[in-house]
There are 2 protein chains.
Amino acid sequence: MISRPPRPREKGIPEATVARLPVYLRALQVLQDRGTATVSSEALAGAAGVNSAKLRKDLSHLGSYGTRGVGYEVEYLIYQISRELGLTQDWSVAIVGIGNLGRALANYGGFGTRGFRIAALLDADPEVVGRTVASLEVRHIDSLEEVVHSKGVSIGVIATPAGSAQGVASRFVEAGVTSILNFAPVVLNVPDGVDVRKVDLSIELQILAFHAQRRADGDGREAERVGLEMT
Amino acid sequence: MISRPPRPREKGIPEATVARLPVYLRALQVLQDRGTATVSSEALAGAAGVNSAKLRKDLSHLGSYGTRGVGYEVEYLIYQISRELGLTQDWSVAIVGIGNLGRALANYGGFGTRGFRIAALLDADPEVVGRTVASLEVRHIDSLEEVVHSKGVSIGVIATPAGSAQGVASRFVEAGVTSILNFAPVVLNVPDGVDVRKVDLSIELQILAFHAQRRADGDGREAERVGLEMT
DNA sequence: CCCACTTTGTGCGTGCTTTCACAAGCACGT
DNA sequence: ACGTGCTTGTGAAAGCACGCACAAAGTGGG
């Protein structure tokens with residue numbers, strides 16, 4: 001197996017595909033731990049909970065890494081997906097808001113295998129600042145800029161109450177952080193070029209409630225439709 | 001805010017719309033707290049972070065609740081969206097896995113305004129069982145079935161380690177729970193008719209990393225493409 | 001070497017989402 | 001009553017995403 005020229009691929013991987021790559025990656029790692037060397041699209045799709053045609057099309061956006069009649073080599077595919085996702089380099093993460101959720105996040109080891117390193121924990125509460133959580137000393141929010149620069153933070157996680165989230169986001173942006181993961185239940189306003197993803201417990205519950213209600217409504221009547229997921 | 005007959009609408013709201021309704025709802029509640037009586041699609045869309053045409057089309061699926069030339073009445077719209085999402089009734093939630101995350105979830109008050117009530121906390125660890133978290137005594141996982149029935153649990157939240165998640169999911173399903181919110185990093189296997197939504201921290205981080213890397217690549221020039229092999 | 005079998009990669013039809021752009025509708029002032 | 005100004009609700013177009021079904025490509029047996 002010889003390396004390849006720069007690979008002319010690079011066009012743009014569909015967003016929907018990007019969202020599934022981490023799922024494939026995880027399934028592959030499970031297979032690898034089990035000692036599996038190769039896997040078919042059918043088998044991998046099963047493990048990832050998707051249709052096999054979709055999986056093949058997704059992987060085809062990365063290049064042609066399978067062998068017809070055989071399948072995909074697990075180790076090689078892990079490497080390719082990792083590289084595509086940018087996991088072959090390390091990302092420094094700062095978590096702001098060390099309440100229940102922030103602590104849970106800080107202690108959540110295996111941050112997606114590796115690739116992510118928690119570089120700092122920040123909070124505004126004097127009661128919390130100075131304490132040690134997950135082997136890191138919690139620093140005061142005022143040192144956000146300094147920490148971002150000195151630790152090379154490139155991803156900011158916001159786990160503060162809703163009221164403080166926008167302010168923290170703005171400071172992250174001001175400090176040069178362009179990737180933000182927001183757990184606070186507010187819509188963040190950021191300039192173009194900054195990528196914000198949100199994780200919102202109550203939204204998920206409300207979506208579940210909607211489908212549950214629908215199921216209950218039509219129960220006993222017309223045949224039912226099940227809502228699938230969509231992330 | 002007078003109600004109306006059941007409304008003959010009932011067609012089928014697009015999934016993409018359902019996922020945004022909770023966001024609109026939250027924005028509306030903020031407006032209401034501020035004392036705003038009516039709001040235009042433009043303003044509400046701004047607060048919710050979406051395009052105004054999209055917002056209008058989304059709302060049009062619920063019915064025709066706006067007034068041309070004026071906008072939407074905040075209170076009335078809150079009521080309609082709440083009703084559509086099934087928030088006018090109460091949902092009992094059981095959380096399994098009272099580790100860092102489970103505790104964070106249990107303590108996360110204002111579970112999306114209201115509509116959701118945490119009915120039980122369950123764990124397998126004898127060390128945790130019996131302790132009180134968020135005013136609730138943690139019960140042993142073995143009483144899952146009993147709890148689901150006696151408390152009328154209709155939504156199950158899984159906050160266990162990956163290894164235990166599938167087992168818990170199966171027991172939920174067996175006990176009749178058809179809505180599951182999964183925080184464990186595994187793909188759950190459930191029968192048709194069961195609705196599973198997943199929240200996955202490391203997947204979100206990986207998606208952020210992908211975009212961050214892409215931004216970095218195109219920056220300045222597009223040097224640095226690694227074409228290495230692995231065999 | 002050839003054939004039967006397996007599995008990938010993808011062209012294509014279908015359906016869902018988003019966005020545009022504008023007619024229709026309502027309030028208000030004159 | 002009527003015109004003006006604003007905002008909704010929605011056709012229509014464009015863009016994505018999904019999944020089928022099959023040709024292409026590789027393996028292994030005879």
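In what follows, chains are A, B, ... by sequence order, proteins preceding strands, each numbered from 1.
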Side chain to side chain, A/Leu44 and A/Leu77, heavy atoms closer than 4.5 Å: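 Side-chain contact under 4.5 Å: yes.
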Distance only, no hydrogens: is a donor on one side chain within 3.5 Å (strictly under) of an acceptor on the other, for B/Gln166 and B/Ser170?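 Checked: B/Gln166/B/Ser170 side chains pair up, N/O donor to acceptor below 3.5 Å.
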Distance-only polar pair, side chains of A/Arg197 and A/Ser179, donor-acceptor under 3.5 Å: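 Result is no, nothing qualifies.
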Would you mind listing every salt bridge (Lys or Arg N to Asp or Glu O under 4.0 Å) that reaches into residues 61-70 of chain B, with sequence neighbours excluded?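 The answer is none; no pair qualifies.
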Pair listing, salt bridge (Lys or Arg N to Asp or Glu O under 4.0 Å) test, anchored in residues 179-189 of chain A, at least two apart: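 Not a single pair qualifies under salt bridge (Lys or Arg N to Asp or Glu O under 4.0 Å).
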Pairing residues for B/Ala159 by the side-chain contact (heavy atoms from CB on, under 4.5 Å) criterion, not counting sequence neighbours: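 With sequence neighbours excluded, B/Ala159 shows a side-chain contact (heavy atoms from CB on, under 4.5 Å) to B/Leu101, B/Leu105, given in chain and number order.
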Residues in side-chain contact (heavy atoms from CB on, under 4.5 Å) with B/Gln89, at least two apart?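 B/Gln89 satisfies side-chain contact (heavy atoms from CB on, under 4.5 Å) with A/Gln213, B/Trp91 once adjacent residues are dropped.
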Rounded to the nearest angstrom, tell me the gap between atom [atom1] in [X] and atom [atom2] in [N].
X	N	atom1	atom2	value
B/Glu73	C/dA27	CD	P	13 Å
A/Leu59	C/dT8	CG	C1'	10 Å
A/Asp58	C/dT8	CG	P	14 Å
A/Ile13	D/dA17	CD1	P	12 Å
A/His61	D/dC18	NE2	C1'	11 Å
B/Glu15	D/dA17	CD	P	16 Å

Minimal non-hydrogen separation, B/Ala47 against B/Ala27, with atom names: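 Minimum heavy-atom separation between B/Ala47 and B/Ala27: CB-CB, 4.1 Å.
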Mind listing the closest non-hydrogen atom pair of A/Phe183 and B/Leu201 along with its distance?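 Closest approach of A/Phe183 to B/Leu201: CZ-CD1, 3.7 Å.
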What nitrogen or oxygen pairs link the protein and nucleotides 28-30 of chain C at under 3.5 Å?
none

Determine to 10° how strongly the helix from C/dC1-D/dG30 to C/dT30-D/dA1 is bent, judged from the axes of its five-pair ends.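 Computed angle between terminal axes is 0°.
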Would you list the protein and nucleotides 24-26 of chain D atom pairs, both N or O, that sit under 3.5 Å from each other?
from: D/dA24; atom 1: N3; to: A/Arg68; atom 2: NH1; distance (Å): 2.7
from: D/dA25; atom 1: O4'; to: A/Arg68; atom 2: NE; distance (Å): 3.4

Report the nucleotide, chosen from D/dA17, C/dT17, C/dT18, that has the shortest atom-to-atom distance to any side-chain atom of B/Pro14.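 Among D/dA17, C/dT17, C/dT18, the one nearest the side chain of B/Pro14 is C/dT17.
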A/Ser64 side-chain proximity, nearest of D/dA12, C/dG9, C/dC22: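 Nearest to the side-chain atoms of A/Ser64, counting from C-beta on, is C/dG9.
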Looking at residues at least two apart in the chain, or sitting in another chain, which of them share a salt bridge (Lys or Arg N to Asp or Glu O under 4.0 Å) with A/Arg171?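 Partners of A/Arg171 under the salt bridge (Lys or Arg N to Asp or Glu O under 4.0 Å) test: A/Asp142, A/Glu145.
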Check salt bridge (Lys or Arg N to Asp or Glu O under 4.0 Å) between A/Asp200 and all other residues, then give those that pass, not counting sequence neighbours.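 A/Asp200: salt bridge (Lys or Arg N to Asp or Glu O under 4.0 Å) contacts with B/Arg26.
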Once hydrogens and angles are ignored, does a donor-acceptor distance under 3.5 Å link the base of D/dG19 to the side chain of A/Lys57?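 Answer is yes: a donor-acceptor pair is held.
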Just to be sure I understand the geometry, which residues of residues 34-54 of chain B put a non-hydrogen atom under 4.0 Å away from DNA chain D?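 Residues of residues 34-54 of chain B under 4.0 Å from DNA chain D: B/Ser40, B/Ser41.
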Kindly list each side-chain donor-acceptor pair under 3.5 angstrom involving residues 52-59 of chain A, sequence neighbours excluded, with atom names and distances?
from: A/Ser52; atom 1: OG; to: A/Glu42; atom 2: OE1; distance (Å): 3.4
from: A/Ser52; atom 1: OG; to: A/Arg56; atom 2: NH1; distance (Å): 3.4
from: A/Arg56; atom 1: NH1; to: A/Ser41; atom 2: OG; distance (Å): 2.9
from: A/Asp58; atom 1: OD1; to: A/Thr17; atom 2: OG1; distance (Å): 2.6
from: A/Asp58; atom 1: OD1; to: A/Arg20; atom 2: NH2; distance (Å): 3.1
from: A/Asp58; atom 1: OD2; to: A/Arg20; atom 2: NE; distance (Å): 2.7
from: A/Asp58; atom 1: OD2; to: A/Arg20; atom 2: NH2; distance (Å): 3.3
from: A/Asp58; atom 1: OD2; to: A/Tyr24; atom 2: OH; distance (Å): 2.5

Below 3.5 Å, can you tabulate the donor-acceptor pairs from side chains in residues 32-39 of chain A to any protein atom, sequence neighbours excluded?
from: A/Thr36; atom 1: OG1; to: A/Leu31; atom 2: O; distance (Å): 3.3

B/Arg56 vs D/dG11: side-chain N/O to OP1/OP2 distance below 4.0 Å: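 False: B/Arg56 side-chain N/O out of range (4.0 Å or more) of D/dG11 OP1/OP2.
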Check whether any side-chain N or O of A/Tyr72 sits under 4.0 Å from OP1 or OP2 of C/dG9, and answer yes or no.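 Yes.
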Derivation of the side-chain hydrogen bond (donor to acceptor under 3.5 Å, both in side chains) call for A/Gln80 and A/Tyr76: CA-CA 6 Å; A/Gln80 291 299 343; A/Tyr76 185 54; 3.1 Å; yes
